[in-house]
Amino acid sequence: MMGFRIIAALLCWFPFIGGCVFETKSLPPKLLSSRLPNCQVKSDPKAGSFVVGVGPWCRRIKVENGGIISRTVDLKKGSLISESGSELELILDGERFPSKANPLKLEKAEVGPCSLTLILSEAGRSRFRLTLSYTASPHSRLISKEAEIENTSDSPLVLDGFTGEIAKVNGKLARSSGWGVEFELEGGSLIVFVDLPPRLRRMEVRNGALRAGYVEKIGKLGIRRWIGPGESLKLPTIWIAYGGNSSEAVESLKSIVRTRVEVVKPDLYQVVELAEWLEKPEIDSTQLDRSKLALLIPLTPRARLIEEMGWNVVGPKGEAEPLPCLASDYVFYALLRLERIVSELRPAVLILDGEIPPEGCAAGGHYHMGAGESIPMCYEAAIRIAQRLREENPGMVVALTDRLYGSDEPDLYLLSRGLSLAPFEDGGGEKPERQEQGYGGAAGGVEVIGDDDAPDRSPRPYGRRQAEKRFEAPDPGHGGRRGGH
């Protein structure tokens, strides 16, 4: 056994001689190879064999028999970490991909300095193209796996399910948290995280088998994504962190955290709630210490304008709900007003509260296609608003309440986007002393909403891609900063 470990370690440092070995034979010798310190990517497209590695941890991916299989080993110890009969699973129009009935074929493979991209399509029909990308971090023990589906047909496709990591792990389940599912390995640690908000995230382990991706349902509502002809849908990133111990694996994940404040503590700030921010023309800004000011704003307020504009949520039986749907034109109108408020008041902290109905929105004329797609799109919209406001105001902390976010603990999804958590809205922590701000004509009032902010009542083409284009389109009134993430 010791001899095998020595040979495996030597082969790790001499990739052109033996390749990445974890079977009784090496990969084919003619490998396209790309290496940087700490990471390596190798490819033999003709054989359908590929390698992505960080440090001694190495994943071999093989496209064969219409599927994508993998095995991961620790070359230093000569031990098997995990193996998978399928690198991912898609349910498109009720059919499972890849499978014997629905095989995939490799069209192209691209090798970068620390990246591998596989482009695949259906072996029989040509309805979609799947791009599967791996990136190994040269500075940490971290691998990301991303997938994107492009609809190449003339008809829409419906994604009913996505599992981005399917693996039998040769280790003991240590814990499951907002930072992922952690396994104790032989002399090491493995953490897997799927980049989704808590209510959409599935990370389950049964008998050592891990499945990470979208939840299938929220309550009785199945989660769906609609992909129109010519459109593409990016699927949630899978983060895979390795380490000689748990602390090292966690440190690898911390490399993608983008905020210094994980939890907003209300007792450190003057919390001012702007309950009627959507319709009132003036905000009283007297007696506000901006260095300690925390604005609490309901992102989903109840207001007459929402129903007048058709932005409101519609329930499963067609009943109108008094809440705005974040997957409608409301989100852009709200963003414009929030930008003005933040620009004028310059708070130290912005806290966004609200709720996303668990039964979704069944309204027509919004950007989602059906209630099953409304829930993920509403979460995406809330996060994009929060990210936009933070990017435009680098010194401001932006937090979501646990009621809006769906968790009372900060997690990797939130922190990797530079956002924080304010866990006092839904019983998660100490409730702050709030001052409900006065409006209208008070001394020192700041007019932040002008006549030019009247909602746009012109008809628009609807769909997920149209919503994304509106986020990306430049806004002359804000220096062209309407797009991006």
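Counting begins at 1 with the first residue of the sequence. When reading the values below, keep in mind they use all heavy atoms of this one structure, side chains included, and skip hydrogens, waters and symmetry mates.
Scanning for side-chain hydrogen bond (donor to acceptor under 3.5 Å, both in side chains) contacts around Thr152 gives an empty result, with sequence neighbours left out. For Glu182, the salt bridge (Lys or Arg N to Asp or Glu O under 4.0 Å) test picks out Arg175, with sequence neighbours left out. Under the rule for a side chain to side chain contact (heavy atoms under 4.5 Å, CB included), the partners of Val397 that lie at least two apart in sequence or sit in another chain are Arg260, Val261, Val264, Val349, Ser420. Under the salt bridge (Lys or Arg N to Asp or Glu O under 4.0 Å) criterion, Lys108 pairs with Glu110, sequence neighbours left out. By the side-chain hydrogen bond (donor to acceptor under 3.5 Å, both in side chains) test, Ser140 is found to be paired with Ser137, residues two or more places apart in sequence or in another chain being considered. Every residue two or more places apart in sequence or in another chain that forms a side chain to side chain contact (heavy atoms under 4.5 Å, CB included) with Leu173 is listed here: Val181, Phe183, Val205. Listed by chain and number, the residues in a side chain to side chain contact (heavy atoms under 4.5 Å, CB included) with Ala382 are Leu299, Leu326 (sequence neighbours excluded). For Glu64, there are no salt bridge (Lys or Arg N to Asp or Glu O under 4.0 Å) partners, not counting sequence neighbours. For Tyr242, there are no side-chain hydrogen bond (donor to acceptor under 3.5 Å, both in side chains) partners, not counting sequence neighbours. The side chain to side chain contact (heavy atoms under 4.5 Å, CB included) test applied to Ser144 returns Thr135, Thr237, Trp239, not counting sequence neighbours. Phe162 meets the ring-ring contact (aromatic ring centres under 6.0 Å, His included) test with no other residue; sequence neighbours excluded.
A 6.0 Å sphere centred on CD of Glu321 holds more than 12 heavy atoms belonging to other residues, nucleotides or ligands. Atom NZ of Lys254 is surrounded by 12 or fewer heavy atoms from other residues, nucleotides or ligands within 6.0 Å. Taking a 6.0 Å sphere around CD of Glu216, one finds it holds 12 or fewer heavy atoms contributed by other residues, nucleotides or ligands. Atom CD of Glu307 has 12 or fewer heavy atoms from other residues, nucleotides or ligands within 6.0 Å.
For the pair Ser416 (side chain) and Leu412 (backbone), a donor-acceptor distance under 3.5 Å is present. Side chain of Asp329 to main chain of Tyr333: no donor-acceptor pair is present (N/O by atom type, distance under 3.5 Å, no hydrogens or angles). At least one donor-acceptor pair closer than 3.5 Å links the side chain of Glu231 to the backbone N or O of Gly228. Ser343 places no side-chain N or O within 3.5 Å of a backbone atom of Arg340 that could act as its donor or acceptor partner. Judged by distance alone, the side chain of Trp277 and the main-chain N or O of Pro298 form a donor-acceptor pair under 3.5 Å. Asn151 places a side-chain N or O within donor-acceptor distance of the main-chain N or O of Ser153, the cut-off being under 3.5 Å. Between the side chain of Asn65 and the backbone N or O of Gly67 there is no donor-acceptor pair closer than 3.5 Å. Side chain of Asp411 to backbone of Leu414: a donor-acceptor contact under 3.5 angstrom is found. Looking at His366, its side chain never comes within 3.5 Å of a backbone N or O of His368 through a donor-acceptor pair. Put simply, the side chain of Arg224 never gets that close to the backbone of Leu159: no donor and acceptor are under 3.5 Å apart.
Looking only at side-chain heavy atoms (C-beta outward), Ile297 and Asp353 stay at 4.5 Å or farther from each other. Residues Leu253 and Ile191 meet the side-chain proximity criterion, which asks for heavy atoms closer than 4.5 Å. Between Ile149 and Thr131 the shortest side-chain heavy-atom distance does not fall below 4.5 Å. Residues Leu88 and Ile166 form no side-chain contact, since every pair of their non-hydrogen atoms from C-beta on lies 4.5 Å or further apart. Using a 4.5 Å cut-off on side-chain heavy atoms (C-beta onward), Arg390 and Met396 make no contact.
Atom CD of Glu146 sits about 10.0 Å away from atom CG of Leu235, to the nearest 0.5 Å. To the nearest 0.5 Å, atom CD1 of residue Ile351 and atom CG of residue Leu421 are 10.0 Å apart. The CH2 atom of Trp226 sits 8.5 Å away from atom CD of Glu373, with the distance rounded to the nearest 0.5 Å. Going from atom CG of Leu352 over to atom CG of Leu389 covers 7.0 Å, rounded to the nearest 0.5 Å. Within the model, atoms CZ of Arg202 and CG of Leu210 stand 9.5 Å from one another, a figure rounded to the nearest 0.5 Å. Rounding to the nearest 0.5 Å places CZ of Arg302 at 13.5 Å from CG of Leu278.
For the residue pair Glu107/Ser121, the side-chain donor-acceptor check at 3.5 Å is satisfied.
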Q) Could you walk me through whether Arg211 and Glu165 pass the salt bridge (charged side-chain N to carboxylate O under 4.0 Å, His left out) check? A) CA-CA 6 Å; Arg211 294 179 66 88; Glu165 181 74 355; over 6 Å; no
Q: Please step through side-chain contact (heavy atoms from CB on, under 4.5 Å) for the pair Leu120 and Val63, ending with a clear verdict.
A: CA-CA 10 Å; Leu120 306 106; Val63 181; 4.2 Å; yes
Q: Assess whether side-chain contact (heavy atoms from CB on, under 4.5 Å) is satisfied between Glu122 and Phe128, documenting all intermediate values.
A: CA-CA 7 Å; Glu122 287 183 276; Phe128 68 90; 3.3 Å; yes
Q.
Walk me through whether Leu106 and Phe50 qualify under side-chain contact (heavy atoms from CB on, under 4.5 Å).
A. CA-CA 12 Å; Leu106 180 64; Phe50 310 92; 3.7 Å; yes
Q.
Go through it in stages, so that I can follow the logic: the residues are Tyr379 and Arg199, the test is side-chain contact (heavy atoms from CB on, under 4.5 Å), and I'd like the CA-CA distance, side-chain angles, deciding distance and then a yes or no.
A. CA-CA 9 Å; Tyr379 276 110; Arg199 287 176 181 161; 2.6 Å; yes
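Looking at Arg304 and Glu308, a side-chain N of the basic residue comes within less than 4.0 Å of a carboxylate O on the acidic one, giving a salt bridge. Salt-bridge annotation for Glu380 and Arg225: present, with a side-chain N of the basic residue lying under 4.0 Å from a carboxylate O of the acidic one. With salt bridges taken as basic N to acidic carboxylate O contacts below 4.0 Å, one links Glu87 and Arg59.
For the pair Arg417 and Tyr413, the cation sits on the ring face: its NZ or CZ lies under 6.0 Å from the ring centre, inside 45° of the axis.
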Which side-chain N or O atoms in residues 90-100 pair as donor and acceptor under 3.5 Å with protein atoms at least two apart or in another chain?
residue	atom	partner	partner atom	Å
Asp93	OD1	Val158	N	2.9
Glu95	OE1	Arg125	NH2	3.2
Glu95	OE2	Arg125	NH2	3.4
Glu95	OE2	Arg127	NH2	3.4
Ser99	OG	Arg96	O	3.0
Ser99	OG	Asn102	N	3.1

